Amino acid sequence: MTGSTRVAAVLNPTADRAWAAQAELHRVCRELGWPDPVVHYTTVHAPGADQARRALAEGAELVVVGGGDGTVRQVAGVLAGTGVPLGVLPLGTANLFARNVGLPRRRVQEMVRVALQGGARELDVGRARYVQLGPAGPVESPEHHFLVLVGIGHDAATVADTRQDLKRWVRWLAYFEPGVRRLARPLLPLRVEVDGGTREDVSAWSLLVGNCGLIPAGITLAPDAELDDGLLDLVEVAPRTALHWAPIALKGALGLTRDVPGLSFRQGSSLRVFSDEPVTIQIDGDPHQDVLEVDASVLPRALLLRTPRSARASEIAALMRGWTRRGGERRIVSLLRHTPAAELDALLGELDLVALVRKVDDRRFGPDHRSDLLDLLVRERREHLSVPTLARLVHALHKGPTPAAHERAVRDVIVSLHGEDLGLFKTLTNTAGSHHDLDHLVFDDIDDEAVRAEILTHIAQEADGYQSDDLRILSDIDDTVVCMLHDKRYPRGSAYPGVAEFLHALDRGGAQADGRPGDLTFITARPSDPRGLVEGYTRNGLAGLGLPPHSVMTGSILNLATKGRIAERKMVNFDRSRQLFPECQVVFIGDNGQADVEVGRAMLARDPEHVRVVFIHNVTQQGVKVRESLAAEGIWLFDTYAEAAARAHELGLISDEGLVEVRAAVSAGVAPSDDR
């Protein structure tokens with residue numbers, strides 16, 4: 001796995017919390033300094049396998065699947081044997097596979113953390129073919145993969161009869177009513193062959209071919225089932241009377257090891273089941289009817305799954321649920337203190353650090369557990385933590401109130417970082433995906449001027465004599481990224497053709513080796529607010545444009561009064577950016593509809609060594625004389641992003657590939673309107 005992992009996500013858009021999961025995937029990938037995940041959505045006719053193949057063809061290094069057991073098995077079947085790890089977001093009804101491997105199923109944040117950063121476990125994958133009675137006679141199915149079980153008989157008919165609307169509202173309890181109706185159904189005459197041995201006649205209510213041991217409600221299907229033993233477990237459910245259902249239910253619910261009437265178990269690497277009459281089967285919850293024969297086998301340890309790394313993380317997460325008392329806080333700090341050095345960073349990667357900081361508290365009369373926690377992580381064991389983990393910790397410290405202890409902890413983290421590590425930390429913090437970015441942290445959340453001065457002094461000292469290859473891209477929004485106010489050539493609210501590709505190309509840079517993503521900041525005079533609602537609104541408006549990771553710097557309501565006020569606020573934001581990233585040169589992109597020409601001119605005058613070039617989108621259709629006059633000042637007027645890209649390429653700011661991508665996007669975009 002590389003330091004900048006390419007993630008693909010296959011999501012069922014109809015699943016509960018699918019959109020929340022997608023947003024969290026983007027947020028955590030940006031926090032880790034990874035490229036944004038490429039998201040593929042399932043459809044009724046393409047339930048996951050095609051999307052997984054496309055992800056592999058595109059070079060995905062990690063595939064995350066979000067949906068129910070059916071979607072998960074579709075994707076897992078494609079990944080089996082490839083060595084590409086799978087992360088699972090259990091968003092379905094029963095989530096049987098997730099239950100069996102101990103994946104988090106309630107909080108989206110925990111799901112995403114494990115899917116992206118969990119440990120690797122090699123698991124078996126089952127595969128099945130069946131012969132189905134079709135209109136023209138028996139037909140053999142293609143190969144299906146399964147992770148949990150294949151059910152043959154009345155349990156599969158129960159699945160087929162379950163109402164989809166009930167599954168959405170009461171989840172696995174929806175299976176109860178159709179299951180109860182079938183309990184008294186007669187046993188089915190079947191034949192079974194295990195590992196190519198003698199074919200045996202059996203009578204069963206259902207035959208269950210399991211790769212896992214648990215089914216809904218915590219019922220143990222096969223006590224000896226293991227996910228990595230290279231074996232399938234055949235369970236014959238054959239109650240001879242209605243009274244036999246009671247011990248069967250108790251054995252499943254209580255996990256009893258004692259044999260009970262109506263249940264028998266055996267194992268094998270391959271199993272075949274035959275029926276003279278068509279029966280219903282289900283493969284991980286997907287029913288198939290009119291089946292005459294099932295052939296199942298196992299692919300040993302074929303799937304590389306992301307799972308929680310340790311029992312230690314599970315214990316800490318459990319202690320943080322609900323009200324965390326003093327004893328729980330003390331236990332959390334103790335667990336972290338005694339975690340081996342090589343495991344601490346991975347352990348924190350599994351935890352919600354915002355919740356950790358909030359749950360472990362200092363008390364007016366009593367132990368100061370939060371102070372102990374901060375001393376432990378920020379000072380005693382700082383060298384055991386990676387830069388992405390430190391960025392997450394700082395994000396947790398300034399999300400919500402930022403007391404003096406948090407300010408000092410943030411300062412101590414920042415002054416402990418040097419060179420490329422400091423640059424990566426600043427980028428990760430600045431693109432966290434909310435208004436809790438580096439600008440707000442240093443200039444708004446930190447109230448102690450001495451602490452702020454120490455941070456800025458350290459950043460300046462680290463930049464002295466060093467220039468980063470990464471550019472800082474400062475961009476306006478209205479009439480620069482999105483047509484809004486003065487430009488009549490395009491529909492209002494539409495993104496300009498090529499703008500996303502141009503910003504991506506600048507973010508990557510002109511060198512052969514791509515620069516670190518996350519160099520884009522939108523500077524605007526739109527008013528800010530303490531809760532970041534305006535910035536959130538701005539980000540939501542940009543979310544669907546395919547832009548690089550970015551931050552937003554806003555102003556105040558007073559800055560909207562005049563063009564001069566707008567320019568003044570943007571210059572404040574420019575100065576803040578310059579103090580936070582003094583090692584980077586700047587590209588400014590604006591438009592000539594309001595004050596951006598004056599802003600660009602002021603930037604060049606204030607710090608010509610820091611500002612590499614100013615691009616101004618020509619939305620007011622200025623002519624050649626104005627272009628030439630501005631060019632003499634280092635301000636380049638452009639009509640399309642193809643023109644801007646050509647100039648950026650001449651200056652060595654974007655690569656040959658970036659130029660081609662921008663030109664292609666502009667050519668494929670909506671043509672300008674004649675209404676000027």
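Note that the structure is predicted; figures quoted are calculated from it, not measured.
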Exercise: do [X] and [Y] side chains pair donor with acceptor under 3.5 Å:
{"X": "Arg127", "Y": "Ser297", "answer": "yes"}
{"X": "Gln22", "Y": "Tyr41", "answer": "yes"}
{"X": "Arg381", "Y": "His384", "answer": "yes"}
{"X": "His40", "Y": "Glu58", "answer": "yes"}

Please round to the nearest 0.5 Å and tell me the distance separating atom [atom1] of [X] and atom [atom2] of [Y].
{"X": "Leu347", "Y": "Leu335", "atom1": "CG", "atom2": "CG", "answer": "8.5 Å"}
{"X": "Glu122", "Y": "Leu227", "atom1": "CD", "atom2": "CG", "answer": "13.0 Å"}
{"X": "Cys29", "Y": "Leu116", "atom1": "SG", "atom2": "CG", "answer": "5.0 Å"}
{"X": "Leu319", "Y": "Arg330", "atom1": "CG", "atom2": "CZ", "answer": "11.5 Å"}
{"X": "Leu188", "Y": "Leu207", "atom1": "CG", "atom2": "CG", "answer": "8.5 Å"}
{"X": "Leu190", "Y": "Phe274", "atom1": "CG", "atom2": "CZ", "answer": "11.0 Å"}

Less than 4.5 Å apart, any side-chain heavy atom of [X] and any of [Y]?
{"X": "Leu232", "Y": "Phe146", "value": "yes"}
{"X": "Leu305", "Y": "Val88", "value": "yes"}
{"X": "Arg266", "Y": "Asp233", "value": "no"}
{"X": "Arg306", "Y": "Leu62", "value": "yes"}
{"X": "Pro278", "Y": "Gln289", "value": "no"}
{"X": "Val209", "Y": "Leu149", "value": "no"}
{"X": "Ile332", "Y": "Leu356", "value": "yes"}
{"X": "Val64", "Y": "Val10", "value": "no"}

May I ask you to decide if [Y]'s main-chain N or O and [X]'s side chain share a donor-acceptor pair within less than 3.5 Å?
{"X": "Ser206", "Y": "His154", "result": "yes"}
{"X": "His338", "Y": "Ser334", "result": "yes"}
{"X": "Asp345", "Y": "Ser386", "result": "yes"}
{"X": "Thr43", "Y": "Ala46", "result": "yes"}
{"X": "Glu61", "Y": "Arg6", "result": "yes"}
{"X": "Asn211", "Y": "Asp124", "result": "yes"}
{"X": "Gln117", "Y": "Glu350", "result": "no"}
{"X": "Asp284", "Y": "Val148", "result": "yes"}
{"X": "Glu343", "Y": "Pro340", "result": "no"}
{"X": "Thr82", "Y": "Leu79", "result": "yes"}

Minimum heavy-atom distance between [X] and [Y], given as atom pair plus value:
{"X": "Arg129", "Y": "Ser141", "result": "NH1-O, 3.4 Å"}
{"X": "Ala21", "Y": "Leu91", "result": "CB-CD1, 4.2 Å"}
{"X": "Pro388", "Y": "Leu32", "result": "CB-CD2, 4.1 Å"}
{"X": "Pro90", "Y": "Ala98", "result": "CG-CB, 3.4 Å"}
{"X": "Ala60", "Y": "Ala8", "result": "CB-CB, 3.7 Å"}
{"X": "Ala76", "Y": "Leu86", "result": "CB-CD2, 3.9 Å"}

Exercise. Please report the C-alpha distance between Leu123 and Val101 in whole Å, then the side-chain angles of each, then the deciding distance to 0.1 Å, and finally whether the side-chain contact (heavy atoms from CB on, under 4.5 Å) criterion is met.
Key: CA-CA 10 Å; Leu123 301 180; Val101 294; 3.8 Å; yes
Quiz item: Does NZ or CZ of Arg73 come closer than 6.0 Å to the centre of the six-membered ring of Phe97, within 45° of the ring's axis?
Solution: no
Quiz item: Under the side-chain contact (heavy atoms from CB on, under 4.5 Å) criterion, do Asp228 and Arg121 qualify, and how do the steps go?
Solution: CA-CA 9 Å; Asp228 54 4; Arg121 182 181 176 188; 4.0 Å; yes
Quiz item: Do Arg508 and Glu661 sit within salt-bridge range, that is, some charged N less than 4.0 Å from a carboxylate O?
Solution: yes
Let me know which of [options] forms a side chain to side chain contact (heavy atoms under 4.5 Å, CB included) with [X].
{"X": "Arg312", "options": "Thr339, Leu336, Leu344, Leu351", "result": "Thr339"}
{"X": "Leu348", "options": "Leu393, Ile316, Leu377", "result": "Leu377"}
{"X": "Gln51", "options": "Thr42, Thr71, Val75", "result": "Thr42"}

Quiz prompt | Which residues share a side chain to side chain contact (heavy atoms under 4.5 Å, CB included) with Arg358, sequence neighbours left out | solution = Val354, Lys399
Exercise. Kindly determine whether Val78 and Asp50 satisfy side-chain contact (heavy atoms from CB on, under 4.5 Å), including the steps that lead there.
Key: CA-CA 9 Å; Val78 173; Asp50 291 343; over 6 Å; no
Exercise. Decide yes or no on salt bridge (Lys or Arg N to Asp or Glu O under 4.0 Å) for Arg113 and Glu110, but give the supporting numbers first.
Key: CA-CA 5 Å; Arg113 281 287 169 198; Glu110 290 182 18; over 6 Å; no
Exercise. Quick one: do Asp352 and Gln109 satisfy side chain to side chain donor-acceptor pair (under 3.5 Å)? Show the steps, please.
Key: CA-CA 7 Å; Asp352 182 343; Gln109 291 87 346; 5.4 Å; no
Quiz item: Given Glu293 and Arg272, is the salt bridge (Lys or Arg N to Asp or Glu O under 4.0 Å) satisfied, shown in steps?
Solution: CA-CA 7 Å; Glu293 178 182 336; Arg272 300 181 71 189; 2.7 Å; yes
Quiz item: Given Arg392 and Glu31, is the salt bridge (Lys or Arg N to Asp or Glu O under 4.0 Å) satisfied, shown in steps?
Solution: CA-CA 7 Å; Arg392 289 181 57 224; Glu31 184 180 284; 3.0 Å; yes
Quiz prompt | Candidate pair Leu11 and Val39, rule side-chain contact (heavy atoms from CB on, under 4.5 Å), full reasoning | solution = CA-CA 7 Å; Leu11 296 180; Val39 180; 4.0 Å; yes
